[in-house]
Amino acid sequence: MTNSTKPVRRLTFAAHGGAVVTCLLFSHNRIISASDDHSIHVYCPTTGNQLCSLEGHEGGVWALAATKDTLVSGSTDRTVRVWNLSKGTCAHVFGGHTGTVRCLAIVKPEWHDIETEDGRVNRERWPKRSMIVTGSRDHSLRVWILPRQGDEEYMCYGANGSEGDPAEEDADDNPYHLRLLTGHENAVRSLAARGRTLVSASYDCTVRIWDMIDGVCTWILAGHAQKVYSVVLDSVRNQCCSGSMDGTVRIWSLKTGQCLHVLQGHTSLVGLLGLSPSHLVSAAADATLRIWDPSTGQLQHTLEGHTGAITCFQHDEFKVLSGSDGTLKMWDVRDGSSVRDLLTGITGVWQVVFDGRWCVAASSRLDMTYLDVWEFGENTDDHEWMGDKGRSISDEGSEDEADPDQDDGPLELSDRVA
C-alpha cells in the first residue's frame, strides 16, 4: 500500500442534527443511518440527498439489519419495526419485548451440511424461510418470520399512536412470531445467527448457543469473568468467538461447548469483534485493535495509534477501518501497518462501514453529526483501497443467497412452535 494516492471522490453532509448515529448500513446503493433521536434516514451516496426519513419509533434506534428493500429496526421503545425501503413506509410493528431491543439479525435460508447421530452428513436448507432474531435488555431473545413484501400488515399494541403498551403484547397472537428464548439472567448485548445456529452474548457473563428452529439451548458457555459485549459466529470452523469486559476474547466449539482458546492482551473491555475468512479482529477500550488467527488463536498484529476507546471498525481480508476519539484510521490487515488517516481533528467517530468501493463514516464535529462518503474508483490507481468488491458485513445476505420473497413458501404449522 502507498500513501501517495487519494480517494477519487469525497462527500460530506450533515445528518441527524447533533444526535448520535447508533447504526450505519450501506445496502443496495443506499446509506441507512439510525440515531438516538428516534429516526432512521436513508441517503443517496452519490449526492448526499436524503431519500426518506423513517419515523415511528418512540425511542432511540439501536439495532438495524437490511436485505434488499426490507429493513428491520429495534429500539428503546421495545418494538421491532419492519420497513419497506422502496416505499419509505413501515409495514409491521412487533411487540413483546419488555426492554430495549439491543441487537438483531436477519437470517436467510442457506444450504448446510448437517451431521446426524449415526455420523452421516445430510445436505439441508435452514431456515426454511427468512427469519429475524432479536435480543433485548429484558434478558430474552425472540425469533420471528421475516414478512415478505405484500404480506398482511401487523401492528402491535401502541403502534402508531394506538392504545396499549407494546410490552403487554401477547406475541403468540402475532402470526410472524415463532419463539421466545429464555435463560439468560441479564441483558442480551450481542447475537449472531446462521442456518439453525444462534449465538447470544449477555451481561450475565455467559454465551449461549441455541438451535433457533427447535428453540433449544444446546450449550451455556461459561468462562468470562465479566459482562460479554460481543460475539461472532464462525460457521466454517464450527466455532464462535466472544469479547468481554474482562479484557479477553474466547473461542468456543459449537459442537462440544468447550473453550478452545483464551486470547489475552487487551487491558480493558473488548466491545467489538469482527470476522473475515482469515482474520478475527478485536477492538477494545484500551485504544487498540488486535488481529488474530481464528484457527489457532495466535496473535498476528496489534494496531496501535488511537488515543481513546475504539468506537467502531470494519475489516476484510485486506484492510481495517477503525474509529476513535478524533480519528478514522485505515490499516493493512496483512502486516498491521497504518496506511492513512481518513478523518482527523473531529470530536469522535460513531460508525464506519464499507462495501466494495464505498466507505461511509458517521462522526461528530462542533456538536453536529456528519456523514462522510468516499468513493474509490475501480479504474483508478488506488492501491490503498484493496479488498472485496462484494457485500460487506453491513448488509445481511447477498445476491447469491435466497431472496426473502423467493424462499420455501408458507411456513408449515409444524415449523411454528409456540
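In this text, all values refer to a predicted model and were calculated from it rather than measured experimentally.
Counted within 6.0 Å of CH2 on Trp210, heavy atoms from surrounding residues, nucleotides or ligands total more than 12; the atom is thus considered enclosed. Within a 6.0 Å radius of CD in Gln50, more than 12 heavy atoms belonging to other residues, nucleotides or ligands are found. Other residues, nucleotides and ligands place more than 12 heavy atoms under 6.0 Å from the CG atom of Asp335. Other residues, nucleotides and ligands contribute only 12 or fewer heavy atoms inside 6.0 Å of the CD atom of Glu185.
Annotation: side chain of Met155 is in contact with side chain of Asn160 (closest heavy-atom distance under 4.5 Å). Counting heavy atoms from C-beta on, the side chains of Ser27 and Ile32 come closer than 4.5 Å. Within the 4.5 Å cutoff, the side chain of Val82 has heavy atoms near those of the Ile132 side chain. Inter-residue side-chain proximity for Ser276 and His315 is flagged as met; some heavy-atom pair is nearer than 4.5 Å. At a threshold of 4.5 Å between non-hydrogen side-chain atoms, the residues Leu254 and Val199 count as touching. Phe94 places a side-chain heavy atom less than 4.5 Å from the side chain of Tyr154. Taking 4.5 Å as the limit, every side-chain heavy atom of Ser130 sits out of range of all side-chain heavy atoms of Thr67. Using a 4.5 Å cut-off on side-chain heavy atoms (C-beta onward), Ile31 and Leu24 make contact.
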Worked verdict on Leu263 versus Ser282 for side-chain contact (heavy atoms from CB on, under 4.5 Å)
CA-CA 10 Å; Leu263 313 185; Ser282 57; over 6 Å; no
Could you give me the CA-CA distance, side-chain angles and deciding distance for Asp214 and Arg179, then say whether salt bridge (charged side-chain N to carboxylate O under 4.0 Å, His left out) is met?
CA-CA 9 Å; Asp214 293 338; Arg179 270 177 188 68; 5.4 Å; no
For side-chain contact (heavy atoms from CB on, under 4.5 Å), just list the numbers for Ile145 and Asp151, CA-CA rounded to whole Å, side-chain angles, deciding distance to a tenth of an Å, and then say yes or no.
CA-CA 11 Å; Ile145 303 167; Asp151 278 356; over 6 Å; no
Given His306 and Thr288, is the side-chain contact (heavy atoms from CB on, under 4.5 Å) satisfied, shown in steps?
CA-CA 7 Å; His306 286 295; Thr288 71; over 6 Å; no
Might you work through the side-chain contact (heavy atoms from CB on, under 4.5 Å) test for Leu178 and Met131, ending with a clear yes or no?
CA-CA 9 Å; Leu178 288 180; Met131 304 290 185; 3.3 Å; yes
Under the side chain to side chain donor-acceptor pair (under 3.5 Å) criterion, do Glu58 and Ser75 qualify, and how do the steps go?
CA-CA 8 Å; Glu58 297 179 1; Ser75 168; over 6 Å; no
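In this structure Thr12 satisfies the side chain to side chain contact (heavy atoms under 4.5 Å, CB included) test together with Arg10, Arg365, Tyr370, Asp372, sequence neighbours excluded. Under the side chain to side chain contact (heavy atoms under 4.5 Å, CB included) criterion, Ser202 pairs with His184, Asn186, Asp204, sequence neighbours left out. Remark: Thr347 engages no residue in a side-chain hydrogen bond (donor to acceptor under 3.5 Å, both in side chains) (not counting sequence neighbours). By the side chain to side chain contact (heavy atoms under 4.5 Å, CB included) test, Glu55 is found to be paired with Ser39, Ser53, residues two or more places apart in sequence or in another chain being considered.
The closest donor-acceptor contact from the side chain of Glu169 to the backbone of Tyr157 lies under 3.5 Å. No donor-acceptor pair closer than 3.5 Å links the side chain of Arg102 to the backbone N or O of Ala187. When atom types are taken as modelled, the side chain of Thr98 and the backbone of Ala167 share no donor-acceptor pair closer than 3.5 angstrom. Listed for the Arg194 side chain is no donor-acceptor partner under 3.5 Å among the backbone atoms of Ser235. Without hydrogens or angle criteria, Thr197 side chain to Ala193 main chain gives no donor-acceptor distance under 3.5 Å. Under the 3.5 Å distance criterion, the side-chain polar atoms of Ser324 are matched with a main-chain donor or acceptor of Ala309. Panel note: side chain Asp170, backbone Asp172; a donor-acceptor pair is recorded below 3.5 Å. The main-chain N or O of Thr182 is never found under 3.5 Å from a side-chain atom of His139 such that the two would form a donor-acceptor pair. Side-chain atoms of Gln239 come within 3.5 Å of backbone atoms of Pro294 as a donor-acceptor pair (strictly under, hydrogens ignored). Side-chain atoms of Ser190 come within 3.5 Å of backbone N or O of Val231 as a donor-acceptor pair.
Residue pairs that meet the salt bridge (Lys or Arg N to Asp or Glu O under 4.0 Å) test with at least one member in residues 215-242, sequence neighbours left out, are Asp234-Arg237. Residues in residues 46-87 take part in no ring-ring contact (aromatic ring centres under 6.0 Å, His included) pair, two or more places apart or across chains.
Look at Asp138 and Arg78 and you find no salt bridge, because none of the NZ, NE, NH1 or NH2 atoms lies under 4.0 Å from a carboxylate O.
Test Lys87, Arg148, Arg30 against Asp69 for salt bridge (Lys or Arg N to Asp or Glu O under 4.0 Å) and you get one pass: Arg30. Of the residues listed (Asp37, Ile40, Asp77), the one engaging Val61 in a side-chain contact (heavy atoms from CB on, under 4.5 Å) is Ile40, and it is the only one.
The aromatic rings of His92 and Tyr176 lie perpendicular to each other, with more than 60° between the two planes, well past the 30° mark. A perpendicular orientation is assigned to the rings of His16 and Tyr43, their planes being inclined by more than 60° (bins at 30° and 60°).
Atom CG of Leu198 sits about 9.5 Å away from atom OG1 of Thr218, to the nearest 0.5 Å.
For the 3.5 Å distance criterion, the side chains of Tyr229 and Arg189 fail to qualify, holding no donor opposite an acceptor.
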